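Structure first, then comments.
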2 protein chains.
Amino acid sequence: MSLRISEIFGPTVQGEGALIGEPTVFVRSGGCDFRCSWCDSPHAVDSDYRHDWTPMKAETVWAEVQRLSGGQPLTVSLSGGNPAIQDFAPLIALGKEHGYGFACETQGSIAKPWFSDLDMLILSPKPPSSGELMDWGQFDACLAARPTRTVLKIVIFDGADFDWAREVADHYPDLPLYLQPGNPNSDPKEPIDLDETTGRLEWLIDTTLNARWFRPRILPQLHVLVWGNKRGV
Amino acid sequence: MSLRISEIFGPTVQGEGALIGEPTVFVRSGGCDFRCSWCDSPHAVDSDYRHDWTPMKAETVWAEVQRLSGGQPLTVSLSGGNPAIQDFAPLIALGKEHGYGFACETQGSIAKPWFSDLDMLILSPKPPSSGELMDWGQFDACLAARPTRTVLKIVIFDGADFDWAREVADHYPDLPLYLQPGNPNSDPKEPIDLDETTGRLEWLIDTTLNARWFRPRILPQLHVLVWGNKRGV
């Protein structure tokens, strides 16, 4: 069975969340069950781009990961779109045989048995500003898969998102928690405004610490600071 | 016995290394046994500033940490200067009683028994560009203290530092490793050049990944990106 792949790129460093700064090859799958209003990867989500998604066998994806990494084990990040709409078990099995690690980022709307093979599952439930609604039954099913580590990452655009994040986090007190400011200007053709980008991080830091909420780590999108909205880095 | 304290500030987020993004109150001690050529905290190192260092009892430091954090437990980072020239055991004992966590960053030139009480010891050996020489016997004595976690963080200014970091890291294969580009322009009175700062990070990412060295995490000084060289944040 084929995987629908939007892009494979790296090695670069992970720009977000628990693995920030970690050398990584990204396997970005095509297709998503959500349509977040501010999605920063529409080329892997919107059906208008589906002719750009390549059907690839797990073996072909794995050969490309090996080529890019020169056969040196590193972390492979399964992203999207929502990688959980496809079956990554064969790719993970191939990579783990050769000492590679696997992380997967998903909104937590679909639980897959292969989550249990992951070194890290990053659950990124979508806040109110996305325009999407979470199904917490499915989210809990994702948690039940028990990979080596599971973490929670929430993108925050505004005060309503922040309040929502706090409620969600309280409901999952044992998960390491990462907050990240939203990026409303993710057009790869437009340069980013570094001051505005760091300003949004500063707002989130201030909002969180003024509330004396000391549980979350608060992190930027490092790749946006370094490379703007350029793709493939 | 008094502690010599340069500044106590926060809550803010940790800007560097393994705890990047973590809500933190900083206790910066005054005095250092090193004189790194590019030191970014001369106000806590150079004897010219020693009249700015306040002698404080551990109880007084602890009261200030509690005031700043509103009595909500968080991570306290002992930095400097070199905090290892002083006795932080009483402060750590007070904080831990109240559920606070403690991290300490030091170059690894002096080992202290209280290292074993830390939640995280960040050993930051100084590369050739610093003009200092490491005493590896002392460094190994720091490692022997066995806090809950020990990590290695190395600042890189140039190719010679990079080669040196690789040798040092190979000598300590079991320690989580963080690389960070140097900041040659740390004068708090001067604005930073964001493009130049992210450019130095990009150089370090490229150098590390082109060498297919996938072990280290590569991270910026987040506080410099957000607040420039301003003190007390």
Side-chain angles (χ1 to χ4, degrees), chain A residues 10-25 68-76 99-101 176-181 191-195 197-206 208-220 222-228 233, chain B residues 10-25 68-76 99-101 176-181 191-195 197-206 208-220 222-228 233:
Chain A
T12 180
V13 292
Q14 170 61 256
E16 306 182 355
L19 294 175
I20 190 167
E22 171 97 355
T24 298
V25 166
L68 289 169
S69 57
Q72 292 290 318
L74 84 179
T75 294
V76 179
Y100 286 60
L177 174 65
Y178 296 81
L179 301 184
Q180 174 180 306
I192 62 149
D193 181 331
L194 267 181
D195 286 320
T197 303
T198 58
R200 279 196 303 274
L201 176 62
E202 192 175 3
W203 168 79
L204 184 56
I205 292 171
D206 287 348
T208 309
L209 299 183
N210 288 340
R212 287 196 174 135
W213 189 25
F214 300 146
R215 176 180 160 199
R217 298 261 200 121
I218 308 158
L219 290 173
L222 197 53
H223 52 293
V224 174
L225 292 175
V226 178
W227 294 291
V233 282
Chain B
T12 181
V13 292
Q14 171 59 256
E16 307 181 354
L19 294 174
I20 190 167
E22 171 98 354
T24 299
V25 166
L68 289 169
S69 57
Q72 293 290 319
L74 85 179
T75 294
V76 179
Y100 286 61
L177 174 65
Y178 296 81
L179 301 184
Q180 174 181 306
I192 62 148
D193 181 330
L194 266 182
D195 287 320
T197 303
T198 59
R200 278 196 303 273
L201 176 62
E202 192 174 2
W203 168 79
L204 183 56
I205 292 171
D206 287 348
T208 309
L209 299 183
N210 287 341
R212 287 198 173 134
W213 189 26
F214 299 146
R215 175 179 161 201
R217 298 261 201 121
I218 308 159
L219 291 172
L222 198 54
H223 53 292
V224 174
L225 292 174
V226 177
W227 294 292
V233 283

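The model shown is predicted, which means the values in this text are computed figures rather than measured ones. Each chain gets a letter, A, B and so on, in the order its sequence line appears, and its residues count up from 1. In what follows, every heavy atom counts, from backbone to side chain, and hydrogens, waters and symmetry copies are set aside.
- Side-chain contact annotation: A:Gln72 with B:Trp213, donor-acceptor N/O pair under 3.5 Å absent.
- Residue contact with chain B, scored on non-hydrogen atoms closer than 4.5 Å, involves the side chain of A:Leu222 exclusively.
- To the nearest 0.5 Å, the span separating CD1 on B:Ile218 from CD on A:Glu22 amounts to 9.5 Å.
- A distance of 12.0 Å separates CG in B:Leu209 from CG in A:Leu68, rounded to the nearest 0.5 Å.
- For A:Ser69, the side chain to side chain donor-acceptor pair (under 3.5 Å) partners two or more places apart in sequence, or in a different chain, are A:Tyr100.
- Residues that satisfy the side-chain contact (heavy atoms from CB on, under 4.5 Å) test with A:Pro181, not counting sequence neighbours, are A:Arg200, A:Leu201, A:Leu204.
- Atom CD of residue B:Glu202 and atom CG of residue A:Leu225 lie 12.0 Å apart, to the nearest 0.5 angstrom.
- Heavy-atom minimum distance, B:Leu219 versus A:Ile20: CD2-O, 3.6 Å.
- Comparing A:Leu194, A:Thr24, A:Thr12, A:Thr198 by how many heavy-atom pairs each has under 4.5 Å with chain B, the most go to A:Leu194.
- Separation of atoms CZ (A:Arg217) and OG1 (B:Thr75) is listed at 8.0 Å; rounding is to 0.5 Å.
- For a residue to count as touching a neighbouring chain, one of its non-hydrogen atoms must lie under 4.5 Å from one of that chain's; by this rule B:Leu179 does not touch chain A.
- With chain B as partner, the option from A:Pro73, A:Pro216, A:Pro23 having the largest number of non-hydrogen pairs under 4.5 angstrom is A:Pro23.
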